[in-house]
Amino acid sequence: MRPSLSPMNRRRWQQFRNNRRGWWSLWIFLALFSVSLFADFLANDRPILVSYDGDWYFPIVQEYPETTFGGDFPTTTDYRDPFVQELIEEKGWIVWPLIRYDYRTVNYNLDVPAPAPPSKEHWLGTDDQARDVVARLIYGFRISVLFGLALTVASSIIGIIAGAVQGYFGGWLDLLFQRFIEIWNGLPVLYLLIIMASFVEPSFAWLLLIMLLFSWTSLVAVVRAEFLKVRNLDYVRAARALGVPDRVIMFRHVLPNAMVATLTFVPFILSGSITTLTALDFLGFGLPPGSASLGELLAQAKANLHAPWLGITVFLVLAVMLTLLIFIGEAVRDAFDPRKTFGSQAT
């Protein structure tokens, strides 16, 4: 059975759908993100499926030695080698991805010096290390969105808990916490991220942890204000009088009211997380060297002004991604705006 929505949530959902720009942006973004999740099957230097001598092999998920296909060496098979392709095609066939390069594959057979312009083999050209731009964009889009989602979820959880504790208990706890957050927000975040990233070997998890140290404050003020507004209402006082524990009151009775305002900020936090990661990668303090990174492509575009396809391509990808997220955020904000929700119902 389909879960039934309350009348309030149905109105919010309808208000979100009425914002056509946000509604279509959501579907376009989900489509692009879904495609990027299957990047290994779209852009890879290993075949999806190999049929050889009556047996099936899946090189995209498992490595096979060259001797498996009649080669001479027990090393990992290089499927781009024409000799290996001839061996396989003598007794079978190969199913290749749409793009026969992954984000690390270097094409040593370019007809022109790298970065090479767009061609039939490289639809958007190559970067200055002869790697396919389309493959790096697909993988870079995926890692940017996954990083942004992970950072948004983690920072939202911490920020909601911190804001709830501040707003619910108030008093000296709220006062001291506010002074701490004011000092913490006054720190030069980008410089500190660069300094901290220079002391450790960069990785996805470590970079996520470093950025989480400074991003969790984004929702504290919103949640704190909602808890301050609600904590002295009659139903909260009644729950206290009945002996209901504070944690139950906070997260079962008060938090749902605070989530209305909180959800409107989530798409904007996501877009900000992606922008920060791109900036760090552009400066060389982000993901490990060689990773699929939109910021690294942007840095290459800056260093290779004679290859305009690099700058144009990465600019369009970032512009489309962030624009879609902003439109989604605006639609979510309108959906939770009581003036527009009830106003549209009245009309």
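For the pair Gln300 (side chain) and Asp128 (backbone), a donor-acceptor distance under 3.5 Å is present. Between the Thr323 side chain and the Val320 main chain, no donor and acceptor come within less than 3.5 Å of each other. Between the Thr126 side chain and the Ala116 main chain, a donor and an acceptor come within less than 3.5 Å of each other. A donor-acceptor distance shorter than 3.5 angstrom exists from the side chain of Ser293 to the backbone of Gly295, with no hydrogens or angles considered. Side chain of Thr278 to main chain of Leu294: no donor-acceptor pair is present (N/O by atom type, distance under 3.5 Å, no hydrogens or angles). Checked by atom type and distance alone, the side chain of Ser155 pairs as donor or acceptor with a backbone atom of Thr152 at under 3.5 Å.
Shortest non-hydrogen contact noted between Ser36 and Arg142 is O-CD, 3.1 Å. Minimum interatomic distance between Val112 and Pro117 (heavy atoms only, all atoms of both residues): CG2-CD, 3.8 Å. The shortest heavy-atom contact between Ala135 and Ala43 is CB-CB, 3.8 Å. Shown here for Phe177 and Ala162, the closest heavy-atom pair between the two residues is CZ-CB, 4.0 Å. Considering all non-hydrogen atoms of both residues, Val254 and Tyr235 come closest at CA-OH, 4.3 Å. Here the shortest heavy-atom pairing between Arg80 and Asn107 reads NH2-OD1, 4.5 Å.
Below 30°, between 30° and 60°, or above 60°: for Phe16 and Trp13 the angle between ring planes is below 30°, a parallel geometry. Under the 30°/60° scheme for interplanar angles, the aromatic rings of Tyr57 and Tyr52 are found to be tilted. Classification of the Trp184-Phe180 ring pair by plane angle, with boundaries at 30° and 60°, yields parallel.
Val248 and Leu255 fall within a single hydrophobic cluster, where Ile, Leu, Val, Met, Phe, Trp and Tyr are joined by side-chain heavy atoms under 4.5 Å apart, directly or via other members. Cluster annotation: Val317 is not connected to Leu42 through the hydrophobic network of ILVMFWY side chains, with a link wherever side-chain heavy atoms come within less than 4.5 Å. Clustering ILVMFWY residues whenever any of their side-chain heavy atoms sit less than 4.5 angstrom apart, transitively, puts Ile143 in a cluster other than the one holding Val35. By the rule that hydrophobic residues join a cluster once side-chain heavy atoms approach within less than 4.5 Å of another member, Leu325 and Leu26 end up as members of one cluster. Hydrophobic cluster membership is shared by Ile160 and Leu263, with clusters built from Ile, Leu, Val, Met, Phe, Trp and Tyr side chains linked at under 4.5 angstrom.
Between Val266 and Val332 the shortest side-chain heavy-atom distance does not fall below 4.5 Å. Residues Leu32 and Leu324 form a side-chain contact, since some pair of their non-hydrogen atoms from C-beta on lies under 4.5 Å apart. Residues Val84 and Glu66 form a side-chain contact, since some pair of their non-hydrogen atoms from C-beta on lies under 4.5 Å apart. Counting heavy atoms from C-beta on, the side chains of Glu121 and Leu110 never come closer than 4.5 Å. Between Asn19 and Phe327 the shortest side-chain heavy-atom distance does not fall below 4.5 Å. For the pair Glu226/Thr262, no side-chain contact is recorded, criterion being any heavy-atom separation below 4.5 Å from C-beta on. Inter-residue side-chain proximity for Ser218 and Phe265 is flagged as unmet; no heavy-atom pair is nearer than 4.5 Å. Side-chain atoms of His306 and Pro115, non-hydrogen and from C-beta on, do get closer than 4.5 Å to each other.
A cation-pi contact links Arg240 to Tyr168, judged by a cut-off of 6.0 Å to the six-membered ring centre and 45° from its axis.
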(Q) side chain to side chain contact (heavy atoms under 4.5 Å, CB included), that's the test. Do Phe169 and Met250 meet it? Break it down for me. (A) CA-CA 10 Å; Phe169 293 104; Met250 291 169 60; 4.0 Å; yes

Q.
Working note: Trp216 + Ile181, criterion side chain to side chain contact (heavy atoms under 4.5 Å, CB included); need CA distance, chi angles, decisive distance, verdict.
A. CA-CA 10 Å; Trp216 62 271; Ile181 291 179; 4.2 Å; yes

Q: Step by step, work out the side chain to side chain contact (heavy atoms under 4.5 Å, CB included) result for Leu149 and Phe33.
A: CA-CA 11 Å; Leu149 288 173; Phe33 181 51; 4.0 Å; yes

Q: Could you give me the CA-CA distance, side-chain angles and deciding distance for Leu280 and Met211, then say whether side chain to side chain contact (heavy atoms under 4.5 Å, CB included) is met?
A: CA-CA 10 Å; Leu280 289 174; Met211 292 181 62; 4.0 Å; yes

Q | Pair Arg136-Tyr101, side-chain hydrogen bond (donor to acceptor under 3.5 Å, both in side chains): steps then yes or no | A | CA-CA 9 Å; Arg136 293 189 65 79; Tyr101 300 90; over 6 Å; no

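We find the CD1-OG distance between Ile158 and Ser215 to be 7.5 Å, quoted to the nearest 0.5 Å. With rounding to the nearest 0.5 angstrom, the OG1 atom of Thr77 is 12.0 Å from the CD atom of Gln85. Going from atom CZ of Arg131 over to atom OG1 of Thr105 covers 10.0 Å, rounded to the nearest 0.5 Å. Taking CD of Glu63 as the reference point, atom OG1 of Thr75 lies at 10.5 Å (rounded to 0.5 Å). Distance check, rounded to the nearest 0.5 Å: CZ of Phe204 to CG of Leu287 gives 7.5 Å. Once rounded to the nearest 0.5 Å, the distance linking CD1 of Ile326 with CZ of Arg21 reads 10.5 Å.
Side chains of Gln14 and Asn18: a donor on one and an acceptor on the other come within 3.5 Å. Side-chain atoms of Gln178 and Glu182 form no donor-acceptor pair, as typed in the model, at a separation below 3.5 Å.
Here the options are Arg104, Arg100, His122, the test is side-chain hydrogen bond (donor to acceptor under 3.5 Å, both in side chains), and the partner is Asp132; only His122 passes. The side-chain contact (heavy atoms from CB on, under 4.5 Å) test with Asn44 singles out one residue from Ile60, Ile99, Leu98, and that residue is Ile60.
Counting heavy-atom neighbours within 6.0 Å of Trp93 CH2, excluding the residue itself, gives a total above 12. Enclosure of atom CZ in Phe315 is not indicated, since only 12 or fewer non-hydrogen atoms of other residues, nucleotides or ligands lie within 6.0 angstrom. Other residues, nucleotides and ligands place no more than 12 heavy atoms under 6.0 Å from the CG atom of Asp234. The environment of Asp55 atom CG is dense: over 12 non-hydrogen atoms of other residues, nucleotides or ligands sit within 6.0 angstrom.
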